[in-house]
Amino acid sequence: MEANRYRGRVTAKRRTPLAEYERAVAAYTAAGGQETVQRVVTAISRLNRRLDVFYRDQFLELGLSHGEWTVLQTLALEGPDSAATPSKLADVAGLSPSAMTHRLDRMAQRGLIARAPDETNRTRVRISLTDAGWELFRTAVVEAESVESDLLAPLDQAEQRRLADLLEKLVAGL
């Protein structure tokens with residue numbers, strides 16, 4: 001057994017997610033990090049990594065790359081009757097315009113997006129989701145919901161609302 005440096009806990013040298021988290025917090029705190037800050041940041045980081053693994057697997061099952069998901073998500077957040085320019089999509093995805101063009105070509109061939117001339121600027125194109133693109137977005141959200149709900153299952157509804165409120169407060173401060 002080893003004495004954990006924060007909160008005086010004694011933990012076995014097991015490799016459980018909680019034990020790994022506690023070891024990480026102890027190491028960061030021992031290196032000079034503030035305990036509460038390290039607990040929060042380490043927990044968020046661990047949860048994010050766990051979700052990333054799930055999302056990566058889910059995208060493979062749905063036949064999506066992470067980059068294609070970024071386009072689907074960005075367009076969906078624009079709204080059902082909205083569109084975005086390829087340059088905006090490239091900015092969001094951190095790609096060059098030519099790389100985004102190739103991505104959009106593949107997605108158009110799969111019937112996930114549609115291109116239309118921009119009525120206000122004839123040199124631009126507007127990208128929108130097709131019905132198939134919306135359906136793929138909905139499928140991904142519904143499938144993810146069960147995993148995301150399971151992640152929050154240890155918290156009751158009031159705790160989940162409180163956590164959401166606190167996280168939203170942090171996001172508002174960004």
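All of these numbers come straight from a predicted model, not from anything done at the bench. Along the sequence shown, residues carry numbers from 1.
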Checking Gln160 side chain against Leu155 main chain: does a donor-acceptor pair fall under 3.5 Å? yes
Co-membership, hydrophobic cluster, residues Val53 and Val147, 4.5 Å side-chain: no
May I have the step-by-step check of side-chain contact (heavy atoms from CB on, under 4.5 Å) for Leu75 and Val71, ending in yes or no? CA-CA 6 Å; Leu75 293 172; Val71 171; 3.8 Å; yes
Sequence-distant partners of Tyr28, ring-ring contact (aromatic ring centres under 6.0 Å, His included), two or more places apart: none
Is there side-chain contact between Leu72 and Met107, with heavy atoms separated by less than 4.5 Å? yes
For residues Arg39 and Tyr21, determine if any side-chain heavy atom of one lies less than 4.5 Å from a side-chain heavy atom of the other. yes
Linking I/L/V/M/F/W/Y whenever any side-chain heavy atoms sit under 4.5 Å apart, do Phe54 and Leu151 land together? yes
Value rounded to 0.5 Å, distance of CZ in Arg49 from CG in Leu51: 12.0 Å
Between the main-chain N or O of Ala140 and the side-chain N or O of Gln58, is there a donor-acceptor pair closer than 3.5 Å? yes
Within the supplied structure, the quantity of interest is the number of heavy atoms (other residues, nucleotides, ligands) at a distance under 6.0 Å from Arg50 CZ; does it exceed 12? no
Can you label the angle between the Phe137 ring and the Trp69 ring as parallel, tilted or perpendicular, going by 30° and 60°? parallel
Mind checking salt bridge (Lys or Arg N to Asp or Glu O under 4.0 Å) for Glu143 and listing every partner two or more places apart, or none if nothing turns up? none
Once rounded to the nearest 0.5 Å, what's the spacing between atom CG of Leu95 and atom OG of Ser87? 12.5 Å
Looking at Asp165, I want to see if its CG is surrounded by more than 12 non-hydrogen atoms of other residues, nucleotides or ligands under 6.0 Å. yes
Taking Thr130 for its side chain and Gly111 for its backbone only, find out whether a donor-acceptor pair lies under 3.5 Å. yes
Going hydrophobic residue to hydrophobic residue with side-chain gaps under 4.5 angstrom, can you get from Val37 over to Leu167? no
With rounding to the nearest 0.5 Å, note down the distance linking CG in Asp118 to OG1 in Thr85. 8.5 Å
Can you tell if the side chain of Val125 reaches within under 4.5 Å of the side chain of Pro117, non-hydrogen atoms only? no
Could you walk me through whether Gln34 and Thr29 satisfy the side-chain contact (heavy atoms from CB on, under 4.5 Å) test, starting with their C-alpha distance in whole Å, then the side-chain angles of each, then the deciding distance to 0.1 Å, before giving a yes or no? CA-CA 6 Å; Gln34 187 181 55; Thr29 303; over 6 Å; no
Rounded to the nearest 0.5 angstrom, the CG-OG1 distance for Leu89 and Thr74 is 6.0 Å
Would you mind checking if Arg126 and Glu119 are paired as a salt bridge, meaning a charged N to carboxylate O distance below 4.0 Å? no
I'd like to know if Asp105 pairs up with Arg115 as an ion pair, taking the criterion as any Lys NZ or Arg NE/NH1/NH2 lying under 4.0 Å from an Asp or Glu carboxylate oxygen. yes
Are Tyr55 and Val141 connected into the same hydrophobic cluster when the rule is that any two of I, L, V, M, F, W, Y join if their side-chain heavy atoms are below 4.5 Å apart? yes
Of all heavy-atom pairs linking Ala24 and Arg46, the shortest is CB-NH2, 3.1 Å
More than 12 heavy atoms of other groups within 6.0 Å of Arg122 CZ: no
Mind checking whether Pro80 and Trp134 have side chains closer than 4.5 Å, heavy atoms only? yes
Taken to the nearest 0.5 Å, the spacing of Leu112 CG from Glu135 CD works out to 11.5 Å
Is a donor on one side and an acceptor on the other found under 3.5 Å between the side chain of Ser45 and the backbone of Val41? no
For Val142, is there any backbone N or O sitting under 3.5 Å from a side-chain donor or acceptor partner on Ser146? no
Does Ser128 reach the side chain of Ile113, with side-chain heavy atoms less than 4.5 Å apart? no
Salt bridge check, Glu68 against Arg103: does any charged N sit closer than 4.0 Å to a carboxylate O? no
Salt bridge present between Glu61 and Arg56 (N-O < 4.0 angstrom): no
Spacing of Arg138 atom CZ and Leu129 atom CG [to the nearest 0.5 Å]: 9.5 Å
Is there a side-chain contact between Leu47 and Ile44 (heavy atoms, below 4.5 Å)? no
Note, Asp156 side chain near Arg162 side chain (heavy atom, < 4.5 Å): no
